[in-house]
There are 2 protein chains.
Amino acid sequence: MTPDPATVGREFSTAVVMFHDAVADRLGLSAVDHKALGVVMRDGPITASRLAAELRMKPSAVTGLVDRLVAAGYVGRTPDPTDRRRVLISAHAGRRPDLGAVFGRLGAAMAELAADYRPEELAVILDYLGRATTVMREQTARLHQE
Amino acid sequence: MTPDPATVGREFSTAVVMFHDAVADRLGLSAVDHKALGVVMRDGPITASRLAAELRMKPSAVTGLVDRLVAAGYVGRTPDPTDRRRVLISAHAGRRPDLGAVFGRLGAAMAELAADYRPEELAVILDYLGRATTVMREQTARLHQE
DNA sequence: TCCAATATTTCAGTTCTTTGAACTATTCAC
DNA sequence: GTGAATAGTTCAAAGAACTGAAATATTGGA
């Protein structure tokens with residue numbers, strides 16, 4: 001039987017979440033802290049308040065969260081030169097090796113998987129993933145604002 | 001510039017995790033409880049100890065977790081007829097409407113996205129997602145056992 | 001039948017994180 | 001320059017969830 005798209009999507013999603021948690025564990029971070037690290041890596045230097053909004057946490061909670069990420073060496077804190085009330089948080093190269101090792105293995109496995117597809121098929125897959133990312137972000141925003 | 005696969009993958013993953021959390025919030029569940037619900041939906045009736053192993057939690061913690069899911073109406077607990085020490089946890093139809101509503105919107109948006117692809121392209125995408133799920137599960141297991 | 005092993009639950013204690021309120025520093029409008 | 005608003009931090013208290021140990025129930029082998 002052909003698996004229906006909804007099931008494939010749900011199971012893929014569960015697998016992603018469980019992998020994400022396993023990585024967090026490996027990095028010595030909580031799931032929330034790892035998620036925050038993802039946001040920081042994605043949105044480059046980001047202010048504490050924007051990070052708080054993104055994560056739907058209070059600024060005070062973000063202070064502690066960033067403390068932990070800084071202590072672990074994953075991010076850095078620098079005052080915003082244009083507004084010194086602000087703090088810019090950016091992904092730091094510190095423990096990037098750990099991170100690289102973890103994702104290196106995944107990357108290799110994924111590359112092996114990709115080898116089974118033709119270039120034009122891979123282009124379609126990448127295109128889809130990029131657009132699906134946008135859809136998921138929109139749906140996440142919708143869930144929050146409704 | 002063409003985005004590299006690693007970036008696409010990482011950002012997609014972050015989006016999935018954030019959507020997952022938003023859904024949990026909407027359902028009145030913690031992220032962990034929602035993850036557990038995903039495992040229960042995936043693995044059908046499952047014993048408490050297998051669920052504990054899957055989630056990497058102690059059985060005692062699973063008792064409380066399942067209590068919460070039962071109270072919320074998402075799963076049911078029934079004694080295993082073949083071994084009454086065991087308890088089988090299965091996804092329950094109780095509050096399935098909530099869940100359906102949340103994923104219905106996502107499903108509609110995803111269907112709209114899918115409409116931009118030809119059937120053979122969609123087949124490739126589905127195939128890829130299914131195989132990527134397997135890879136992620138393997139990598140998750142590897143992270144845990146190493 | 002008896003005993004060891006297995007499955008789950010209970011419960012007290014601990015840990016971790018978040019919240020809310022107060023405080024400091026800085027910026028912006030007037 | 002003064003005052004209101006903004007950004008972030010600190011701190012104490014609260015809340016949620018997990019751990020470990022002990023208890024209960026059931027099974028399976030000797």
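Sequence lines set the chain letters: A, B, ... in the order given, protein chains first and strands last, and positions in each chain run from 1. Since the structure is predicted, the reported quantities are computational estimates derived from the model, not experimental observations.
At a cut-off of 3.5 angstrom, counting only N and O atoms as typed in the model, there is a donor on one side and an acceptor on the other between the side-chain of B:Ser60 and the base of D:dG20. Under 3.5 Å, the side chain of A:Arg85 and the base of D:dT6 form at least one donor-acceptor pair of N or O atoms.
At the heavy-atom level, B:Ala61 lies under 4.0 Å from base atoms of the strands shown. Counting any heavy atom pair closer than 4.0 Å across all strands shown, B:Arg68 reaches sugar-phosphate atoms only and no base atom. In this structure, B:Ser49 reaches the sugar-phosphate backbone alone: every heavy-atom distance under 4.0 Å involves primed, P, OP1 or OP2 atoms, never a base. Among the atoms of the strands shown, none is found under 4.0 Å from any heavy atom of A:Val62.
At the phosphate of D:dT9, OP1 or OP2 sits under 4.0 Å from a side-chain N or O atom of A:Arg77. Side-chain N/O atoms of B:Arg86 include one lying less than 4.0 angstrom from OP1 or OP2 on C:dA7.
For the pair B:Glu54 and B:Lys35, the salt-bridge criterion is not met [side-chain N within less than 4.0 Å of a carboxylate O]. In summary, B:Asp116 and A:Arg131 engage in a salt bridge, as defined by a charged side-chain N under 4.0 Å from a carboxylate O. Ionic pairing of A:Asp21 and B:Arg56 is not present here: no N-O contact between side-chain nitrogen and carboxylate oxygen is shorter than 4.0 angstrom.
For A:Thr47, the listed nucleotide lying nearest its side chain is D:dG8; candidates were D:dG8, C:dT26, D:dC18. Out of C:dT26, C:dT9, D:dT9, the shortest distance to the side chain of A:Val87 is found at D:dT9. Ranking D:dA17, D:dG8, C:dT8 by closeness to the B:Asp33 side chain, first place goes to D:dA17.
When rounded to the nearest whole Å, the span between CE of B:Met57 and P of C:dT8 equals 14 Å. Rounded to whole Å, the distance from CG on B:Leu29 to C1' on D:dA17 is 14 Å. The separation between A:Lys35 atom NZ and C:dT18 atom C1' is 13 Å, rounded to whole Å. The interatomic distance linking A:Arg84 (CZ) with D:dT6 (C1') rounds to 15 Å, in whole Å. One atom, NZ of B:Lys58, and another, C1' of C:dA7, lie 16 Å apart when rounded to the nearest Å. Following rounding to the nearest Å, B:Leu55 (CG) and D:dA17 (P) show an atom-to-atom distance of 14 Å.
Take the nearest nucleotide of DNA chain C for B:Leu88 and for A:Ser30: the residue whose nucleotide is more 5' is B:Leu88.
The hydrophobic cluster containing B:Val40 also contains B:Val102, counting ILVMFWY residues as joined when their side-chain heavy atoms lie under 4.5 angstrom apart, directly or transitively.
For the residue pair B:Asp33 and B:Tyr74, no side-chain donor N or O sits within less than 3.5 Å of a side-chain acceptor on the partner.
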